[in-house]
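Structure first, then comments.
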Amino acid sequence: MASDTVVVGRTAAGRMALVGLGDHSAASEVDTAALAAAVAARENDGDVRWVWADTAAVYPRLLDAGVRVARAWDLRLVHAILHHARTVTDDHGLRSSTGWDADAAAPVDGDTLFDLGDAASGIPETVEAAVAEYHRQTAAIASSEAPGALRLLCAAESAGALIAVELHTAGVPWSRAAHEHLLERELGARRGGGLPARIDQTAAVVRAALDDPAASLDSQPRLLRSLHRVGLMVQSTSRWELAEHDHPAVAPLIAYKKLMRLYTANGWAWLDEWVRDDRFRPVYVPAGVVTGRWASSGGGALQIPRSLRTAVRADPGWTLVTADVAQLEPRVLAAMARDTALAEAASGRDLYAGIVERGAVASRAEAKLAMLGAMYGATTGESGRLLPRLRRTFPRAMQLVDDAARTGEDGGVVQTWLGRTSPAAGESWRALQSLASDAAASGVDETRARRSARDRGRFTRNFVVQGTAAEWALAWLADLRARLAALPEVDATRAAPASGPVFQRRPHLAFFLHDEIVVHTPLEHADAVADAVRESAASAGRLLFGTFPIDFPLDLRIGETAEKG
DNA sequence: TCTAAGTGCGCG
DNA sequence: AAAGCGCGCACTTAGA
């Protein structure tokens, strides 16, 4: 078994070049059509880390050709991390404009999305440029004050890039029939020309209550005027404010909004556009959020209503293993701050119950409110009122987030546990602050500047926690992916072809949402998958936080489970 | 007729 | 209208 790093890029002649960087470095060239076979051969030959410009551009074709790779290095994503990383002391030219700082190619419809060599991204893709960039990146990491952590982050980010493509390719097993059944039950039958019957009926009830048969329910300004005419003096048309009023129009209006939301966001049109072959294939965007969380593009993958998860159904002979982490962010905070008191409160399954047991607050609801307030920067209301009690009981954890907030308010940058750095303060932000600090500044300027400083403080406060939680989740995913790949395949008669050639015969990740995963697995491997999910969570905790005693308990379920709890 | 901004709501 | 973070999407209106 040879361990090697192989850089993949284009040649001037438009072929694909594979350049080995190891002891037995060698270069070879193949036509684009033969890339998958060349990668497969090298992958089977030994332990390889594949270095390429953009996983989202290269990997879909490999998967479609039946080729999975174990390890990768995504030059675009790693560049984005290192470009801003505060701990890097020598950037080796990484911070100058080289084309690698281009944004990801905007996802587009149709076949061009994952076309190899799509030049829209602006990323240099020649193999020479890729080799040079890889050397810059490894050198920059080596110069970091915490090279191990940064290297881990970059490897985890790259593993995430592989997983994002794999999730798209495999898709979420989605029962069109179950989805349609739910739509008909909630909305009534689909009607070609107009709205489903139930929506029409509900709208009629609302209009009757508003004493206006022509009232517009979809235009916020006009609806607001209609409400005012019947004495409902609301300032917005949002559900929470409507619910505070007692009027015959309120209940049907809230019902109308709920039905319309289902119809427009996840109705038949969504089903037609996003579900093929009983698979929902969202486009995941690794690091699409500044904190390092993933975003999604199209299909609203990260906003699927929980009520709709009844449509998530395993293929025949397969099942689903679903797991989410209980209170990931406060656990991560406890470990980052080395706050043993908070870690002890977290030692049971329910961190909030643990906080109550330690006497900080009186109820679980208060504990949750206070903890969220601490991580989001609440200043007023019940959440703000509870914060001093949390500060007394968990001073180290609270100091970590308070420090992050102060740094942000002062215009500084903060870092996650592994070294992802928050964005620098923008030019307009700085201008506002310096304007307000001028002796001749007006009270209005000062107020605006203070508010903007506090806004930024809340962002950096949350950045350290949300970003580190995202790192933990990446580590969890990456470790789980490797464990799943080691489980045995089922025979071809048991295959789930819609999951594609790489995954149709083995357990595979099917969905990921910040702190939650779904694995689609042949029935006989469900218990092994559940073990792998738990072991990878424990492994992720050790990888990030070493021996610090913090648990990451999972709510884990095997089988068709639509909703939580 | 196009785009940008506002509103509201789904998810963590 | 959120108080208190991070997103994406659908719909509307205002403005070019």
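In the text below, chain A, chain B and the rest are named by the order of the sequence lines, each starting its count at 1.
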- Could you note down all residue pairs passing salt bridge (charged side-chain N to carboxylate O under 4.0 Å, His left out) where residues 360-375 of chain A supplies at least one of them, sequence neighbours left out? A:D350-A:R364
- Message: Going by the rule ring pair (Phe, Tyr, Trp, His ring centres under 6.0 Å), which residues pair with A:F463 if we only count those two or more places apart in sequence or in a different chain?
- Response: A:F459
- side chain to side chain donor-acceptor pair (under 3.5 Å): pairs with one or both residues in residues 200-210 of chain A, sequence neighbours excluded: A:R191-A:D200
- Item | Where chain A begins and ends its contact with DNA chain C, read 5' to 3' at 4.0 Å from heavy atoms | C:dA1 to C:dT13
- Message: Under the rule for salt bridge (charged side-chain N to carboxylate O under 4.0 Å, His left out), what residues qualify as partners of A:E409, not counting sequence neighbours?
- Response: none
- Query: Looking across every strand, which nucleic acid part, if any, lies under 4.0 Å from A:T291 by heavy atom: base, sugar-phosphate, or nothing?
  - Reply: nothing
- Pairs touching residues 377-386 of chain A that satisfy salt bridge (charged side-chain N to carboxylate O under 4.0 Å, His left out), sequence neighbours left out: A:E382-A:R385
- Query: Sub-3.5 Å donor-acceptor pair from the side chain of A:N462 to the main-chain atoms of A:M375, do we have one?
  - Reply: yes
- Message: Test of understanding: with side chain to side chain contact (heavy atoms under 4.5 Å, CB included), list the residues that count as partners of A:Q220, not counting sequence neighbours.
- Response: A:L224, A:T237
- Message: Among residues at least two apart in sequence or on other chains, which ones pass side chain to side chain contact (heavy atoms under 4.5 Å, CB included) with A:H84?
- Response: none
- Query: Considering only the P atoms, how many Å lie between C:dA2 and B:dT7, rounded to the nearest integer?
  - Reply: 8 Å
- Task: Please work out if A:R461 contacts a base, only the sugar-phosphate, or nothing of the nucleic acid, heavy-atom cut-off 4.0 Å.
- Result: nothing
- Ring-ring centroid check A:F545 A:W472, cutoff 6.0 Å: no
- Within the structure shown, what part of the strands sits under 4.0 Å from A:L328 by heavy-atom distance: base, sugar-phosphate, or nothing? nothing
- Query: Thinking salt bridges, do A:R331 and A:D551 make one under a 4.0 Å N-O criterion?
  - Reply: no
- Which residue pairs pass the salt bridge (charged side-chain N to carboxylate O under 4.0 Å, His left out) test with at least one member in residues 395-406 of chain A, sequence neighbours excluded? A:R391-A:D402, A:D402-A:R461, A:D403-A:R406
- Message: What contact category does A:Q466 fall into here, base, sugar-phosphate, or nothing, at under 4.0 angstrom with non-hydrogen atoms?
- Response: base
- Contact list for DNA chain C against residues 369-389 of chain A - heavy-atom distance below 4.0 Å: A:L369, A:Y376, A:G377, A:A378, A:T379, A:T380, A:S383
- Query: Are A:D278 and A:R313 close enough for a salt bridge, meaning some N to O gap below 4.0 Å?
  - Reply: no
- Hey, can you pull the residues of residues 253-264 of chain A with a non-hydrogen atom under 4.0 angstrom from DNA chain C? A:R261, A:T264
- Message: Using atom P in both nucleotides, what's the gap between C:dG8 and C:dG4 to the nearest angstrom?
- Response: 23 Å
- Counting Watson-Crick and G-U wobble pairs whose two distances are both under 3.5 Å, find the runs of 3 or more in a row that involve DNA chain C. B:1-12 with C:5-16
- Task: Sticking with atom P, work out how far C:dA1 lies from B:dG8, rounded to a whole angstrom.
- Result: 7 Å
- Query: Side-chain N or O of A:Q220 less than 4.0 angstrom from OP1 or OP2 on B:dG8?
  - Reply: yes
- Task: Could you check whether A:G298 gets within reach of a base, just the sugar-phosphate, or nothing at all, counting any heavy atom under 4.0 Å?
- Result: sugar-phosphate
- Task: Flag yes if more than 12 heavy atoms outside A:Q399 fall under 6.0 Å of its CD atom; otherwise flag no.
- Result: no
- Message: Taking the basic N atoms (NZ, or NE/NH1/NH2) and the acidic carboxylate oxygens, is any pair closer than 4.0 Å for A:R176 and A:D272?
- Response: yes
- Message: Any base atoms under 4.0 Å from A:W240, or only sugar-phosphate, or nothing? Heavy atoms, all strands.
- Response: base
- Closest-nucleotide ordering on DNA chain C, the 5'-leading residue of A:V289 and A:G300: A:V289
